[in-house]
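Heads up: the structure comes next, in structure tokens.
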Number of protein chains: 2
Amino acid sequence: MTKLQKSIDKRNALIKATIELVNNNGFHATPMSKIAKMANVSPATIYLYFENKQDLVNQTYLEVKTKYTDFVFNTYDENTSIKTGFELIWKRIAEFNINECEYSFFLTQCNNTPIIDEPSRQEGIKHLQPLLDLWKRGKDEGVIKPISDYILYAYSINPISSLMMAQKLGQFQLTKANTEEAFLTAWDSIKL
Amino acid sequence: MTKLQKSIDKRNALIKATIELVNNNGFHATPMSKIAKMANVSPATIYLYFENKQDLVNQTYLEVKTKYTDFVFNTYDENTSIKTGFELIWKRIAEFNINECEYSFFLTQCNNTPIIDEPSRQEGIKHLQPLLDLWKRGKDEGVIKPISDYILYAYSINPISSLMMAQKLGQFQLTKANTEEAFLTAWDSIKL
DNA sequence: TAAAAATGAATGAATATTCATTTTTTTATA
DNA sequence: TATAAAAAAATGAATATTCATTCATTTTTA
């Protein structure tokens with residue numbers, strides 16, 4: 001294990017601890033000392049990897065967001081019908097939300113509170129371009145409603161987070177059948 | 001102005017300050033001292049009205065949630081068609097989100113983070129009963145998709161918050177036309 | 001004049017960050 | 001290869017600040 005390897009392990013442990021603690025206790029109840037303890041590291045060590053607490057949470061956000069988009073667009077193929085393309089992306093998003101719900105929950109928190117600073121938030125948004133391109137093509141072909149991307153997103157993508165949230169709170173179970181219903185509902189809401 | 005009157009004014013000022021500060025800085029960066037200052041009150045005074053910080057934020061949440069549901073169901077009439085009933089409720093929710101976006105944003109934060117304790121969260125959920133009843137009737141009549149209320153909610157109601165959020169971040173403008181489109185999209189996603 | 005409400009200053013606990021050392025790793029030399 | 005010096009990484013304890021909460025007084029109300 002090289003020096004670089006070892007460093008990355010520590011950094012990963014710190015990011016993992018941050019996610020877990022912020023998810024369970026909220027950012028306000030997540031002191032650096034607890035993060036250090038959970039990552040099996042001295043508090044001082046955190047500052048070798050991150051400037052300060054804000055930097056730690058910003059970097060954690062971007063890291064998770066990258067994992068998310070990498071996964072989501074990994075199987076995407078531009079050369080399909082609009083519906084198929086949308087289905088590919090949507091189902092990957094759902095899969096990510098179900099299988100990596102720690103990551104998803106963390107992202108939801110970041111997206112709905114001022115814990116991330118604005119530049120990091122902007123950076124995180126960029127990654128969605130392929131989906132926006134697909135929608136543009138869909139609108140041009142008259143397959144997708146000619147409405148704001150924000151509305152399309154709010155109706156077809158964000159509900160996945162809501163369902164993940166409900167599942168986390170134990171109010172609801174995201175089964176295979178449910179997921180299929182949810183997909184069809186998403187498609188119904190944006191198709192022409 | 002009676003004693004009770006005066007007290008209520010202070011309590012309201014404290015709740016208002018809490019909402020504003022939590023919205024702008026996040027719960028983690030909202031100390032009691034700042035809340036007191038913004039409400040023109042001594043820090044010690046907060047403790048005449050609230051047990052502690054957690055109690056303050058819980059009560060703020062319930063207060064806002066009550067304002068929300070009072071407004072949302074105020075014009076509701078059970079004796080209409082499913083679609084009309086849904087439209088009545090949906091448009092009031094949208095109106096609230098547009099006109100009282102400070103309240104909406106605060107609720108969104110509370111719904112997506114662990115800053116509210118569980119009993120208060122449960123309490124807040126109860127208020128939605130009329131909508132759930134409407135959906136039940138709609139399913140029985142074969143007008144609404146026979147799927148989980150959580151899915152119906154995620155697709156037809158939660159997107160309003162997402163759009164409010166996008167608007168708050170200045171990415172998007174919720175105009176009258178947009179709102180109408182959004183309503184139709186909501187209906188499309190739950191109707192049979 | 002008694003009771004209630006409000007206050008500013010004090011208190012003590014938490015917390016982010018820094019610092020003086022120690023431990024580990026790398027490099028240079030024989 | 002073995003060894004020692006240098007560099008890098010890691011640490012636990014210290015620091016200085018911030019913060020929630022309390023308390024002794026003062027102000028307002030009844």
Side-chain angles (χ1 to χ4, degrees), chain A residues 1-61 106 109-110 113-117 120, chain B residues 1-61 106 109-110 113-117 120:
Chain A
M1 190 180 292
T2 75
K3 181 199 105 190
L4 187 62
Q5 264 299 317
K6 191 156 193 213
S7 292
I8 283 181
D9 285 348
K10 283 228 165 91
R11 189 173 181 280
N12 286 343
L14 284 167
I15 285 185
K16 186 160 185 277
T18 302
I19 294 167
E20 198 166 328
L21 288 167
V22 170
N23 278 355
N24 291 322
N25 310 328
F27 186 53
H28 69 288
T30 300
M32 297 295 256
S33 55
K34 270 196 198 168
I35 295 173
K37 194 163 287 175
M38 180 169 275
N40 283 316
V41 139
S42 157
T45 304
I46 300 181
Y47 293 85
L48 300 178
Y49 293 86
F50 305 94
E51 263 180 55
N52 50 37
K53 196 179 179 187
Q54 184 65 55
D55 183 47
L56 167 60
V57 74
N58 285 341
Q59 288 203 41
T60 302
Y61 172 72
F106 184 78
Q109 265 198 86
C110 292
T113 62
I115 68 182
I116 298 302
D117 65 18
S120 302
Chain B
M1 191 182 290
T2 75
K3 180 197 106 192
L4 189 61
Q5 264 300 319
K6 189 153 197 212
S7 293
I8 284 181
D9 285 348
K10 282 225 166 92
R11 188 173 181 281
N12 286 342
L14 284 166
I15 286 186
K16 185 160 185 277
T18 302
I19 294 167
E20 199 166 328
L21 288 167
V22 169
N23 278 355
N24 291 322
N25 310 329
F27 186 53
H28 69 287
T30 300
M32 295 296 256
S33 54
K34 270 195 197 169
I35 296 173
K37 192 164 288 174
M38 179 169 276
N40 283 317
V41 139
S42 158
T45 304
I46 301 181
Y47 292 86
L48 301 177
Y49 294 87
F50 304 95
E51 263 181 53
N52 50 39
K53 197 181 179 184
Q54 184 65 56
D55 183 46
L56 167 60
V57 75
N58 285 341
Q59 288 202 40
T60 302
Y61 172 71
F106 183 79
Q109 265 198 87
C110 292
T113 61
I115 66 181
I116 298 301
D117 66 18
S120 303

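Worth saying up front: this structure is predicted, and the values here are computed from it rather than measured.
Here A/S42 does not reach the OP1 or OP2 of D/dA10: none of its side-chain N or O atoms lies under 4.0 Å away. At the phosphate of D/dC19, neither OP1 nor OP2 sits under 4.0 Å from any side-chain N or O atom of B/K53. At D/dA10, one or more side-chain N or O atoms of A/K10 fall inside 4.0 Å of OP1 or OP2 (strictly under the cut-off).
Listed candidates were D/dT21, C/dT7, C/dT17. Nearest to the side chain of B/P43 is D/dT21. Nearest to the side chain of B/M32, among D/dT11, C/dT15, D/dT21, sits D/dT21. Listed candidates were D/dT11, D/dC19, C/dT7. Nearest to the side chain of B/P31 is D/dC19. The side chain of B/Y47 approaches D/dT22 more closely than any other nucleotide in the set C/dA6, D/dT22, C/dT18. Checked against D/dA20, C/dA6, D/dT22, the side chain of B/A44 finds its nearest nucleotide in D/dT22.
Annotation: cation-pi geometry satisfied between A/K53 and A/F27 (NZ/CZ under 6.0 angstrom from ring centroid, within 45° of ring axis).
Spacing between atom CG of A/N52 and atom P of D/dT17 amounts to 17 Å, rounded to whole angstrom units. For the pair A/K34 NZ and C/dA16 P, the computed distance is 10 Å after rounding to whole Å. Between the OH atom of A/Y49 and the C1' atom of C/dT17 there is a distance of 18 Å, given to the nearest Å. Rounded to a whole Å, the CZ atom of A/F27 is 19 Å from the P atom of C/dA14. At whole-Å resolution of the value, CZ in B/F50 and P in D/dT22 are 16 Å apart. For the pair B/H28 NE2 and D/dT18 P, the computed distance is 15 Å after rounding to whole Å. Rounded to whole angstrom, the span from the CZ atom of B/R11 across to the P atom of C/dA4 amounts to 21 Å. In this structure, CG of A/L48 is placed 9 Å from P of D/dT11, rounded to the nearest angstrom.
Side chain to side chain, A/Q54 and A/N58 meet the donor-acceptor criterion of an N or O pair below 3.5 Å.
When all heavy atoms are compared, the tightest approach of A/G26 to B/P114 is N-CG, 3.5 Å.
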Side chain to side chain donor-acceptor pair (under 3.5 Å), that's the test. Do A/N24 and A/E20 meet it? Break it down for me.
CA-CA 6 Å; A/N24 291 322; A/E20 198 166 328; 4.8 Å; no
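The distance from the CG atom of B/N40 to the OG1 atom of B/T45 is 11.0 Å, given to the nearest 0.5 Å.
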